[in-house]
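By convention in this document, chain letters (A, B, ...) are assigned in the order of the sequence lines, proteins followed by strands, and residues within each chain are numbered from 1.
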Amino acid sequence: MGQKKKESLNFIEQLIERDVKEGKFIKIQTRFPPEPNGYLHIGHAKSICLNFGLAQKYGGECNLRFDDTNPEKEETEYVNSIKEDIRWLGFDWGPSAYYTSDYFERLYQFAVRLIEKGSAYVDELSAVEFNKLKGSPTEPGKESPFRNRPIEENIKIFEAMRLGAFQDGERVLRAKIDMSSPNMHLRDPILYRIKHLAHHRTGSKWCIYPTYDFAHGQSDSIEQITHSLCTLEFEVHRPLYDWLIQQLEIYPSKQTEFARLNLSYTIVSKRSLRELVEGHYVAGWDDPRMPTISGIRRRGFTAKSIRKFTEIIGVARRNGITDVALLEHSVREDLNKTAHRIFGIMDPIKLIITNWPLDYQEVMMAENNPEDKTSGTRELPFTRELFIDRSDFLEDPPSPKKWFRLGPDREVRLKKGYIIKCTGFKKSENGEVVEIYAEYDPNTKSGQDMSGKKVKGTLGWVSAPNAVSAEIRMYDRLFLTENLDKIEDDFKTHLNPDSLTINNKAVLEPSVRHAQVGDQFQFERIGYFRVDEDSHYGKLIFNRTLALRDGWNKRNN
RNA sequence: UGGCCUAUGGUGUAAUUGGCAACACGUCUGAUUUUGGUUCAGAAGAGUCUAGGUUCGAUCCCUAGUAGGCCAACCA
């Protein structure tokens, strides 16, 4: 049927389609190259969806490659969490993951080839001298006195480096390019450094390790990556990326940069996230307030909504800051269609239906999700004593046009139950309302209401004798500042002190008794919640994923 | 005394590659609603950073300027 408006392509898709048209390759090959030194976050999700998504869209493949060239920081723990997160996001990297460390021998041979061409040399400057000669962006550098060592000697020393003849830092292998280049990365960049450290995969086999610049592009080339996508800050590396491939005469992978994701009220820097974890500002990498994939998963954001989000924000070369509202919208959109509804009362107050028989219980039926007719129904016991939310009653409410809820002599519907009229309330000696009294209208039963009565307000409720209590962890944004990129001081001073409040008085309808870890619900009129893994026998713990949009609160704040 | 990149409503992206700026989110109305949710209808909001130039015509091409970002780790 009617073709929708022609979809517009982002600049990378345009590039790919142009390349396809020109017949540059058989099929596209992308890769997602995380360094296994931390947990993946929402920013990585953008890259994952981009790389895997492009491969899917154009019938190519996307490799998962662990960029593990620095044994100082990398650990197997991270390899596993990264795999889990990518799988959860819904992507598949085929039969096996790749590791830059698997290429160490080939990379070493590449280095030898470069030396043989006279395009690399062993330097023995101290770090201080090295930096002095490097110059600055506005001042050209100077050549090292070791720059013109004979090729044979370079090869011998490089071999000796591999064999462990030197201590860390005593020698480095450098590319011989141009010490006066305005691009700092072309001023004889370091290709290999000595680190007498065990590597998480190669153990103690190596004591020299390639740097990013000498590992990444070469690994791309080995895997015949057609489109090597990375973030903007690697732009200045591209001339070096190309230079090395050209010198080595290997497969010409092409690097294309795009803007990384910045989110309002959110910090997405591995270093800062680590600081939050190690300083115990949060409970761990998977704390539901963290923007890590594991954190937002635990919080209750769905993989589908993350994918949708990355689609919505697109990809470009402009650096900006994305409003978290876009993310939250994607999450609500998905959850609205999938989450079963239940009644939950965050701040219970007793409501007594005075004209209801003392021990009588009636079972009401409610659909699990009005947005999904196949979702089935559940039973709700209705009794004389109920709980409603304290915020749904006002002793002296504004006009009925402004306030739809309960107040003296006001009528509301108890959703899926009856219309009730407030007949009174009881206060404790310190003036707090402790009980509300009402009468129900037997002609107004949900689904068979013949009364013709119209009420504006509809309240959630829970049968008091059947109520299930639970711990509700109310999460809010971790930071109070919108743009954390712009701050001058310590980012931790911008933490929201109320990012987590724990509610232990909440009561839920009895149907949740069977809820399992990972189950997600919409507490009607409140928000989306997910059963946390900290739950245990006899105690349900819920994380608030997000509050529902609230037009009323907005108007009245 | 530098080099590279970027600049479109509040935010993120579009604009058939030169034909008087579109979509999503957000905001605001109104309708519907047994969730102040959802859904539906509608509105406001940019004349495309500035100044020149090329052109019949510029968001798009050129020049200069301005603003922002990135670059001097034996990190990635």
Side-chain angles (χ1 to χ4, degrees), chain A residues 5-10 14 33-35 37 67 69-70 72-74 123 127 130-131 134-141 168-174 181-187 189-195 208-209 211-213 215-216 230-239 257 259 261 264 270-271 311-330 332-333 336-337 341 343 366 370-371 403-405 412-417 419 444 446-447 449 454-460 485 522-527 547-556:
Chain A
K5 196 173 109 185
K6 195 167 125 199
E7 107 184 276
S8 60
L9 303 174
N10 65 49
Q14 288 175 10
E35 183 189 12
N37 70 342
D67 211 352
T69 59
N70 186 354
E72 251 167 58
K73 311 187 290 187
E74 294 152 7
D123 204 347
F130 181 98
N131 286 325
K134 186 134 195 178
S136 77
T138 51
E139 285 168 312
D168 290 10
E170 286 183 348
R171 299 286 186 283
V172 290
L173 183 72
R174 301 178 74 175
S181 170
N183 183 338
M184 297 296 286
H185 298 278
L186 259 20
R187 319 246 263 228
I190 291 171
L191 269 22
Y192 265 92
R193 71 287 216 199
I194 299 169
K195 282 179 192 279
I208 57 172
Y209 293 94
T211 56
Y212 167 83
D213 285 310
H216 200 97
C230 61
T231 45
L232 251 25
E233 62 269 29
F234 290 99
E235 203 172 331
V236 281
H237 293 249
R238 180 151 36 95
E257 311 85 18
L261 171 69
S264 59
K270 239 187 237 181
R271 195 195 119 266
E311 198 182 296
I312 287 174
I313 60 174
V315 50
R317 289 175 63 83
R318 158 174 34 173
N319 246 325
I321 181 160
T322 299
D323 192 340
V324 265
L326 295 187
L327 212 208
E328 296 177 346
H329 169 258
S330 301
R332 289 196 182 97
E333 185 184 46
N336 178 47
K337 291 190 187 106
R341 268 101 240 236
F343 291 143
E371 306 289 322
W403 176 258
F404 303 163
R405 289 118 94 149
V412 296
R413 171 170 293 279
L414 295 177
K415 186 163 181 174
K416 299 301 165 190
I419 290 178
T444 58
S446 178
D449 186 338
K454 286 282 176 210
V455 291
K456 200 89 168 96
T458 304
L459 269 39
D485 256 9
Q522 184 199 102
F523 294 0
E524 293 224 26
R525 306 203 303 138
I526 302 172
L548 248 35
R549 286 185 68 202
D550 187 352
W552 184 78
N553 227 338
K554 225 172 269 172
R555 221 164 303 174
N556 293 278

| query | Within the pair A/Gln14 and B/A15, is there a side-chain N or O less than 4.0 Å away from OP1 or OP2? | reply | yes

| message | Would A/His237 and A/Tyr212 count as a ring pair (Phe, Tyr, Trp, His ring centres under 6.0 Å) here? Give the steps. | response | CA-CA 10 Å; A/His237 293 249; A/Tyr212 167 83; 5.8 Å; yes

| task | Select base, sugar-phosphate, or nothing to describe what A/Asn319 touches, counting heavy atoms under 4.0 Å on all strands. | result | sugar-phosphate

| message | What contact category does A/Thr69 fall into here, base, sugar-phosphate, or nothing, at under 4.0 angstrom with non-hydrogen atoms? | response | sugar-phosphate

| request: Test for a donor-acceptor pair under 3.5 Å between the base of B/U35 and the side chain of A/Gln522, counting only N and O atoms. | output: yes

| request: Rounded to whole angstrom, note down the P distance from B/U66 over to B/A51. | output: 15 Å

| said: I'd like to know if A/Ser446 reaches the base of B/U34 with its side chain such that a donor and an acceptor end up less than 3.5 angstrom apart. | reply: yes

| query | B/U55 and B/C20: how far apart are their C1' atoms, nearest whole angstrom? | reply | 15 Å

| said: Tell me which nucleotide, if any, is Watson-Crick or G-U wobble paired with B/C60 when both distances must be under 3.5 Å. | reply: none

| query | Is A/His185 touching bases, backbone alone, or none of the nucleic acid, heavy atoms closer than 4.0 Å? | reply | sugar-phosphate

| query | Considering Watson-Crick and G-U wobble pairs with both distances under 3.5 Å, what does B/U6 pair with? | reply | B/A67

| Distance, rounded to the nearest Å, where A/Phe130 contributes CZ and B/A73 contributes P | 9 Å

| Can you check B/U17 for me, syn or anti if syn means within 90° of 0? | syn

| Under 4.0 Å between a side-chain N/O of A/Arg525 and OP1 or OP2 of B/G36, yes or no? | yes

| request: Quickly work out the A/Trp552 CH2 to B/U38 P distance and round it to whole Å. | output: 17 Å

| query | Taking OP1 and OP2 of B/U38, is either one under 4.0 Å from a side-chain nitrogen or oxygen of A/Arg549? | reply | yes

| remark: Here the distance between atom P of B/U13 and atom CD1 of A/Ile313, to the nearest Å, is 7 Å

| task | Determine the interatomic distance between C1' on B/G36 and the same-named atom on B/G30; round to the nearest Å. | result | 15 Å

| query | Using atom C1' of each nucleotide, how far apart are B/U39 and B/U33 to the nearest Å? | reply | 9 Å

| query | Distance between the C1' atoms of B/A44 and B/C75, in whole angstroms? | reply | 49 Å

| query | Is the shortest side-chain N/O distance from A/Lys195 to OP1 or OP2 of B/C75 below 4.0 Å? | reply | yes

| Looking across every strand, which nucleic acid part, if any, lies under 4.0 Å from A/Gly169 by heavy atom: base, sugar-phosphate, or nothing? | base

| query | What does A/Tyr209 touch in the nucleic acid at a heavy-atom separation under 4.0 angstrom: a base, only the sugar-phosphate, or nothing? | reply | nothing

| request: Using a heavy-atom cut-off of under 4.0 Å over every strand shown, decide if A/Gly527 touches base, sugar-phosphate, or nothing. | output: nothing

| field | Atom pair distance, as rounded to whole Å: NE2 in A/His329 and C1' in B/U38 | value | 11 Å

| query | From the list B/G2, B/G36, B/U6, which nucleotide is the closest neighbour of the side chain of A/Arg317? | reply | B/U6

| field | Inter-nucleotide C1' distance (B/A31, B/U59), Å rounded | value | 38 Å

| request: Assign A/Arg187 to base, sugar-phosphate, or nothing according to its heavy-atom contacts below 4.0 angstrom with the strands shown. | output: nothing

